[in-house]
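No experiment lies behind these values; they were computed from the predicted model shown.
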Amino acid sequence: MNNFGALTSSILKRFIPGDLKVHFFLVLAMVVVLPSSAWSQTPVVKVATEKAHLRQHGALIIAKSQQMSLQKGVNTILFKGIAPSASTASIRVNAGESVRVLNYQWVTDSNLIQDTELRRLDEEISVQKDSLRSAIKAEKRLLYAKSVLDANVQIDVSDKSIYVDDLDELVTYYKSALRAWDKEFSVLKYHKKALNRQIDSLETAKSSLVTTLESINTALYVQLSALIEVNRTVDFTYEIETAHWQPDYFISLDGEGKADISMSALVFQNTGFDWNNVKLSFEFGEGADQKKGIAYSANYMEAAEPASIPNLSETYIFDLKKVTCAYEMVSVANPNNAAHPYNSVLISNLSGFSLPKGKVTLKTVAGFQKIDTLLNTLDQDTNLFSIGLDNAVLCTKSISKEKLSKSIVGGKQTLVLEWEAQLVNNGTKTHTLTYTDYLPNEVPGGVVENSLPKGSKTSANQFSCVVVIEPGESVTLPYKFQIEAPKGVNINNYYTK
C-alpha cells in the first residue's frame, strides 16, 4: 500500500466501525445524462456528510446514506448528497455484509438546463457584454479623435497671413478640445471597468448557480446485489478539492513577557450541499498533500464539537490549539529596509510545537495589530513579528571610504568598504534597539574579512548589535568589509547593499 493509501486507511479505521470495513469497492465512473422519466422511476436515497478530514488543499469526506430496504437480488438506487466534485477514482462504497456493489456511475437529470434563473443570468450577461463592445468602439473613436488633435497641434507659422491672435485662438481651442477629450476618456474608462466588474459578478453568480444545480440534479447511480432482504445504510468515502482549511492565529501579550497563542481554523466548503453537525479533523505538514507522494509526517487535530457549514461559505472553528510561550518587545534597525527601526514582537520558546503558516492577530497592551505572516514559518524556537515603525529614531548609513584596488602581482583584487551608520534619537525616551546589516557573500576562491561593531553577533548573512540611545543623542557605528578575490571575478556581485 502506498503512503497515501496508508494514510486514508488510518483515517478510515479511526472513523468507521470495524464491522463495516468488509465490502469496499473502488470503481471508475463516468457521468451520463438520465432522462427525467428514468430519474423519477429510480428510488432516491439521501446521503449526508458525517465527517470531513480537512487538508489545506482538499479533504477526505465520510458520508452515510439514510436507511433503506434492499430486496434480495439486484437493487438500483440513486444516492443524492455526494459532492459532484468528488474525485471519481477515490470513491469507495461500503454496503456491509451480505451486500455487494456491482457498479456505479454519475447521472444528471436532463431538467438541469431548464432553470429560469440560469436563463436570466445568461441574458443579463449578454446585455452587459453588448454594452462593453459599444464602450470599446467608443474608446477607439476617442483614440482616433485624439490622434487627429495631436496631428494638428503643430502649425506652420511661416505663413504671413496667420497672425498672433489667430495662433492664440487656435492654441486655446486645442487645449479646450484636449481637456474635453481627457474628461470623456476618463468617464469611458470608468464605465468599462464598471461593466467588466458587473460581468465578472454575473459570471460568478452563474458559476455558483450551475454548481448548485449540478449538486441538486446529480446523483450516484449504484447497483447493489443483496443475498437476503435487509434494511441497510451505505457508507461512502471520497476525496474532493473543493473543501479546505487555513490556520488563523490570535496572540495575546500580557505585558509581562507571557504570550498565549490560540490557533483557529478557517474552513471553506463548496461541495454543493450544506454540512450539518459534521465532525471535523484537520491535517497539515509535508504528508498532508497526497499529490506529493512522500512519507506521511503531517500533524493531526480534531475539533471539539461538530460544526454546521453552509455550502459556498467560510466558517471559523475557534481554539483548535493553544500554546503558551514567552515574548519580548524589540526594536530592529536595518537602513537597507527603512530609515526608522521596526518595533517588533519576538515570540520565543516555540520548540516542541508544530504550527502551520497562517495569519496572525496580535493583541498588545496598546491594542490590536493585524499582521500577514504567510511567509513566516511557526516551527522554529523564535519568531519575529513587526508591528510598525519607530519614527522617533532615524537610522541611515553611508560609505566613508570606498577603494577598489587590483593588482597583477599575485593575480588578486581587493574591495574595501568602510561604512558609517548614524542613529539619532529625536524622542523623549531612551531607546534600546538592535542594529542589523547584511554581510558579504562568500567569494569562490576568495577571502572575506569583517570588522564589526563591538558586541556584534552574526547569523546567516547578517550581523547585529545592540545599541542604547538616550534622548537627543546621536550614535555612530563604523564597520568595514574587505573582500579579496582572484583576478577576473566580478567582485561587486558579492556585495551589492
*asked:* Using the rule side-chain hydrogen bond (donor to acceptor under 3.5 Å, both in side chains), only one of Glu239, His244, Glu241 pairs with Arg55; which is it?
replied: Glu239
*Start with the C-alpha distance between Val424 and Gln422, add both sets of side-chain angles, then the distance that settles side chain to side chain contact (heavy atoms under 4.5 Å, CB included), and finish with yes or no.*
CA-CA 7 Å; Val424 181; Gln422 196 78 18; 4.3 Å; yes
*With sequence neighbours left out, write down each residue that passes ring-ring contact (aromatic ring centres under 6.0 Å, His included) with His340, or none if nothing qualifies.*
none
*asked:* Quick check on Glu184: does its CD atom have over 12 non-hydrogen neighbours (other residues, nucleotides or ligands) under 6.0 Å away?
replied: no
*Answer whether the closest heavy-atom distance between the side chains of Asn334 and Tyr342 falls below 4.5 Å.*
no
*Value rounded to 0.5 Å, distance of CZ in Phe236 from CD1 in Ile91*: 8.5 Å
*Charged N to carboxylate O below 4.0 Å: is that the case for Lys51 and Glu302?*
no
*asked:* I'd like to check Phe268 versus Gln246 (side-chain heavy atoms, cut-off strictly below 4.5 Å). Are they in contact?
replied: no
*Could you walk me through whether Ser264 and Leu320 pass the side chain to side chain contact (heavy atoms under 4.5 Å, CB included) test, one step at a time?*
CA-CA 5 Å; Ser264 299; Leu320 191 61; 5.8 Å; no
_Using side-chain heavy atoms (C-beta onward) and a distance below 4.5 Å, is Ile317 in contact with Trp245?_
no
_Measuring from atom OH of Tyr327 to atom CG of Leu346, what distance do you get when rounded to the nearest 0.5 angstrom?_
11.5 Å
*With a 4.5 Å limit on heavy-atom distance, are the side chains of Tyr300 and His53 in contact?*
yes
*When you check the side-chain N and O atoms of Ser262 and Asp319, is any donor under 3.5 Å from an acceptor?*
yes
*Kindly give the heavy-atom pair with the smallest separation between Pro84 and Thr271, and that separation in Å.*
CD-O, 3.6 Å
*Donor-acceptor pair, Thr233 side chain versus Gln66 backbone, under 3.5 Å?*
no
*Are the side chains of Val107 and Gln105 in touch, meaning some heavy atoms are under 4.5 Å apart?*
yes
*Give the C-alpha distance, both sets of side-chain angles, the deciding distance and a yes or no for side chain to side chain contact (heavy atoms under 4.5 Å, CB included) between Leu280 and Trp275.*
CA-CA 11 Å; Leu280 302 178; Trp275 287 357; 4.1 Å; yes
*Would you check if the side chain of Asn311 reaches a backbone N or O of Gly272 as a donor-acceptor pair within less than 3.5 Å?*
yes
*When you look at Leu253 and Ile251, which way does the side chain to side chain contact (heavy atoms under 4.5 Å, CB included) test go after all the steps?*
CA-CA 7 Å; Leu253 310 179; Ile251 302 180; 3.9 Å; yes
*Might you confirm whether atom NZ of Lys363 has over 12 heavy atoms from other residues, nucleotides or ligands at distances under 6.0 Å?*
no
*Is the shortest heavy-atom distance from the side chain of Ser331 to the side chain of Asn343 under 4.5 Å?*
yes
*What closest approach, in Å, do Pro356 and Tyr249 show between heavy atoms, and which atom pair accounts for it?*
O-OH, 2.6 Å
*When rounded to the nearest 0.5 angstrom, what distance separates CD1 in Ile82 from OH in Tyr104?*
9.0 Å
*Is the backbone N or O of Asn277 less than 3.5 Å from a side-chain atom of Ser308, with the two atoms forming a donor-acceptor pair by type?*
yes
*CG on Asn426 to NE2 on His431, rounded to 0.5 Å*: 9.0 Å
*Point-to-point distance, once rounded to the nearest 0.5 Å, from NZ of Lys397 to OH of Tyr435*: 5.5 Å
*Between Ser65 (side chain) and Val234 (backbone), is there a donor-acceptor pair under 3.5 Å?*
yes
*Which pair of non-hydrogen atoms, one from Lys357 and one from Pro247, has the smallest distance, and what is that distance?*
O-CG, 2.8 Å
*Heavy atoms only: give me the nearest Tyr238-Gly81 pair and the separation to one decimal.*
OH-O, 4.2 Å
*Flag the pair Ile399 / Leu417 as yes when at least one side-chain heavy-atom distance between them is below 4.5 Å, and no otherwise.*
yes
*Can Asn461 and Asn441 be counted as having a side-chain donor-acceptor contact under 3.5 angstrom?*
no
*Compare every heavy atom of Tyr438 with every heavy atom of Phe481, then report the nearest pair and how far apart it is.*
CZ-O, 3.6 Å
*Please determine, by modelled atom types, if Asn276 and Asp274 share a side-chain donor-acceptor pair under 3.5 angstrom.*
no
*Under 4.5 Å between any side-chain heavy atoms of Lys64 and Val47, yes or no?*
no
*Judged by atom type as modelled, is there a donor-acceptor pair below 3.5 Å linking the side chain of Ser201 to the main-chain atoms of Arg197?*
no
*Counting N and O atoms only, with roles assigned by atom type, does the side chain of Thr242 sit under 3.5 Å from a partner on the main chain of Asn270, one being a donor and the other an acceptor?*
yes
*Closest heavy-atom contact between Val443 and Val489?*
CG1-CG1, 4.2 Å
*Would you check if the side chain of Gln269 reaches a backbone N or O of Ile309 as a donor-acceptor pair within less than 3.5 Å?*
yes
*Is there any salt bridge (charged side-chain N to carboxylate O under 4.0 Å, His left out) pair reaching into residues 122-139, and which pairs are they, with sequence neighbours excluded?*
Asp122-Lys206, Lys129-Glu203, Asp130-Arg133, Glu139-Lys192
*How far does CG of Leu224 sit from CG of Leu102, to the nearest 0.5 angstrom?*
7.0 Å
